[in-house]
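Before any comments, here is the structure.
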Amino acid sequence: MHLFSEAFVSDLVSVVFDGVIVHDGTVITDANKRAAGIFGYESAESMVGLPYHVLLAPSGRRATELRVSSGTEGRYNALCRRRDGIEFTIDVNTREITFHGSRLRIVAFRYSAGEQAPFGESLIQRSLALDQTVKALATTIEQRDAFTAGHQTRVSALAMRVAGELDMSDREITTIRIAGNIHDIGKIAVPAEILMKPSALSQEEYDLVKLHPTAGSAIINSVDFDGPVRQTILQHHERLDGSGYPDGVADLIPEARVIAVADVYDALTSSRPYRAGMTPANALDLMSEHECRGLDGDALQTLSTLVQSN
């Protein structure tokens, strides 16, 4: 193998201390682990395919796009933005290359000498630890409630898509991702025989299940999430007309409004031992026209558009 073969360079980039991405003028085509850490992504692979401008703060976007369009190379300072919305200034060094006939731009990121990262490596580690905590909590409840296994994951993914279409902030979308994955964690306080009951619940049993948002809120109360995760979990069964539970509030936060829509849709379209799941069309009709009038109209319309486009 030649020392500077593609394989060698790929391995080299993966271990350098600088954050490195490659983009084609539109989307990121490659990144290394350090870049993922700087910008708050779970992995380098999760950055591939994203528009490169998601790494830029809105006020710094135009200057960088002019550099990209003109092919300007060299070092400069860029105002960037992490996935969680934190903005920071960082040294950038760029180089234009042609690879297999395509124009690519290599971008390296490094903090200025003597300058501390505005959020610190400890925050990155904390974020990863919180994600691991979320996964552990989600797994715990799904092991107890086999009938809803996968429900939380689906709700989280669907709610994030709706939130993206509604142009919600990165911080709101992060809250939705986390809360969606553990919104039913309070069911751990519900007797297993109720969760696993192969028939419809009695009113008394249903009243016990209705306590799960309060229990879930209490379970994660001591976890220091960067966003209203606890309030989202508490409100995910509340309704805008005050008909929801556990507190009958009507002033829901935006994250809870989106989670509520995704939660109802997935529940209606999922099968249970005592009933078959509805078709997407029938579920949307029910959500729009009947007992689910307390759902957020914008979120519901966005969900309907997404479902019908698939």
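Residue numbers run from 1 in the order of the sequence given.
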(message) Applying side chain to side chain contact (heavy atoms under 4.5 Å, CB included) to L284 and L303, what does each step give before you reach the verdict?
(response) CA-CA 9 Å; L284 291 171; L303 171 66; 4.2 Å; yes
(message) Just verifying a value: how many Å separate Y206 OH and L201 CG, rounded to the nearest 0.5 Å?
(response) 9.0 Å
(message) For R103, is the CZ atom crowded, meaning more than 12 foreign heavy atoms sit under 6.0 Å from it?
(response) yes
(message) Testing the basics here: between V92 and A78, what is the closest heavy-atom pair and its distance to 0.1 Å?
(response) CG2-CB, 3.5 Å
(request) Flag the pair R272 / P198 as yes when at least one side-chain heavy-atom distance between them is below 4.5 Å, and no otherwise. (result) no
(message) Could you report the tightest heavy-atom contact between R171 and P228, atom names first, then the distance?
(response) NH1-CD, 4.2 Å
(request) Classify the side-chain pair E172/T175 by whether it contains a donor and acceptor separated by less than 3.5 Å. (result) no
(message) Are L300 and M287 packed together at the side-chain level, in the sense that at least one heavy-atom pair is separated by less than 4.5 angstrom?
(response) yes
(request) Report yes if some heavy atom in the side chain of L55 is under 4.5 Å from a heavy atom in the side chain of Y41; otherwise report no. (result) yes
(message) Testing the basics here: between V68 and G25, what is the closest heavy-atom pair and its distance to 0.1 Å?
(response) CG1-CA, 4.1 Å
(request) Taking atom types as modelled, find out whether H151 and D263 have a side-chain donor-acceptor pair closer than 3.5 angstrom. (result) yes
(message) Please tell me whether M47 and I38 are part of a single hydrophobic cluster in this structure, the criterion being side-chain heavy atoms less than 4.5 Å apart.
(response) yes
(request) Apply the test side chain to side chain contact (heavy atoms under 4.5 Å, CB included) to residues L56 and L79: give CA-CA distance (whole Å), side-chain angles for both, the deciding distance (0.1 Å), then the verdict. (result) CA-CA 6 Å; L56 304 173; L79 183 58; over 6 Å; no
(message) Within the 3.5 Å criterion, strictly below it, is a donor on R161 or T302 matched to an acceptor on the partner's side chain?
(response) no
(request) Just jot down the ring-ring contact (aromatic ring centres under 6.0 Å, His included) partners of H237, sequence neighbours excluded, or say none. (result) H212, Y245
(request) For the pair S270 (side chain) and A267 (backbone), establish whether a donor and an acceptor sit closer than 3.5 Å, ignoring hydrogens and angles. (result) no
(request) Following the transitive rule for hydrophobic clusters with a side-chain heavy-atom cut-off under 4.5 Å over Ile, Leu, Val, Met, Phe, Trp and Tyr, establish whether Y265 and L286 coincide in one cluster. (result) yes
(message) With a 4.5 Å cut-off on side-chain heavy atoms, are N93 and I106 touching?
(response) no
(message) I'd like to know if I233 and L252 are part of one continuous hydrophobic network [Ile/Leu/Val/Met/Phe/Trp/Tyr, side-chain heavy atoms within less than 4.5 Å].
(response) no
(message) How long is the straight-line distance from OG1 of T94 back to CZ of R75, given to the nearest 0.5 Å?
(response) 11.0 Å
(message) Please check this pair: side chain of Q235 against backbone of I253, looking for a donor-acceptor N/O pair closer than 3.5 Å.
(response) yes
(message) Would you compute the distance between atom OG1 of T174 and atom CD of E255 and round it to the nearest 0.5 angstrom?
(response) 10.0 Å
(request) Return yes if some donor-acceptor pair links the side-chain N/O of S46 with the main-chain N/O of S43 below 3.5 Å, else return no. (result) yes
(message) Would you compute the distance between atom OG of S156 and atom CD1 of I259 and round it to the nearest 0.5 angstrom?
(response) 6.5 Å
(request) Quick one: closest heavy-atom pair of L50 and V54, and the distance? (result) CB-CG2, 4.2 Å
(request) Let me see the working for T29 and V48 under side chain to side chain contact (heavy atoms under 4.5 Å, CB included), right down to the final yes or no. (result) CA-CA 5 Å; T29 60; V48 174; 5.7 Å; no
(request) Determine, for R239 against D241, whether the closest basic-nitrogen to carboxylate-oxygen distance falls under 4.0 angstrom. (result) no
(message) Using modelled atom types and a 3.5 Å cut-off, is there a donor and acceptor pairing between side-chain atoms of N181 and backbone atoms of R177?
(response) yes
(message) Counting C-beta onward and ignoring hydrogens, is there a side-chain heavy-atom pair between D30 and V20 closer than 4.5 Å?
(response) no
(request) Salt-bridge test for R257 and D298: reply yes if a basic N is under 4.0 Å from a carboxylate O, no otherwise. (result) no
(request) Take D296 and V258 through the test side chain to side chain contact (heavy atoms under 4.5 Å, CB included) and record every step on the way to the result. (result) CA-CA 7 Å; D296 182 87; V258 174; over 6 Å; no
(message) Is it the case that the ring center of F88 lies less than 6.0 angstrom away from the ring center of F109?
(response) no
(message) Using a 6.0 Å cut-off, check whether atom CZ of R95 has over 12 heavy atoms from anything other than its own residue.
(response) no
(message) Rounded at 0.5 Å granularity, tell me how far CG in L295 sits from CD in Q301.
(response) 13.0 Å
(request) Take atom CD of E204 as the centre, draw a 6.0 Å sphere, and report whether it contains more than 12 heavy atoms from other residues, nucleotides or ligands. (result) no
(request) For the pair E238 (side chain) and V249 (backbone), establish whether a donor and an acceptor sit closer than 3.5 Å, ignoring hydrogens and angles. (result) yes
(message) Could you tell me if the side chain of P191 sits less than 4.5 Å from the side chain of I194, heavy atoms only?
(response) yes
(message) For M160 versus I176, what's the shortest heavy-atom pair and its separation?
(response) N-CG2, 3.9 Å
(message) Going by the rule side chain to side chain donor-acceptor pair (under 3.5 Å), which residues pair with R83 if we only count those two or more places apart in sequence or in a different chain?
(response) E42
(message) Count I, L, V, M, F, W, Y as connected when their side-chain heavy atoms are under 4.5 Å apart, and connections chain through other members. Are M168 and L240 then in the same cluster?
(response) no
(request) Can you measure from CG (L158) to CG (L306) and round to the nearest 0.5 angstrom? (result) 7.0 Å
(request) Check whether any side-chain heavy atom of E65 sits under 4.5 Å from a side-chain heavy atom of Y52, and report yes or no. (result) yes
(request) Can you see which heavy atom on P246 is nearest to which on P213, and at what distance? (result) CD-CB, 3.9 Å
(message) With a 4.5 Å cut-off on side-chain heavy-atom distances among I, L, V, M, F, W and Y, is there a chain of contacts connecting L268 to V162?
(response) yes
(request) Before giving the answer on salt bridge (Lys or Arg N to Asp or Glu O under 4.0 Å), spell out for D170 and R81 the whole-Å C-alpha distance, their side-chain angles and the decisive distance to 0.1 Å. (result) CA-CA 10 Å; D170 289 344; R81 181 175 65 176; 3.7 Å; yes
(message) Closer than 4.0 angstrom, basic N to acidic O: yes or no for E96 and R105?
(response) yes
(message) Could you check whether atom CG of N221 has more than 12 heavy atoms from other residues, nucleotides or ligands sitting under 6.0 Å from it?
(response) yes
(message) Within the 4.5 Å heavy-atom criterion, are T98 and L104 side-chain neighbours or not?
(response) no
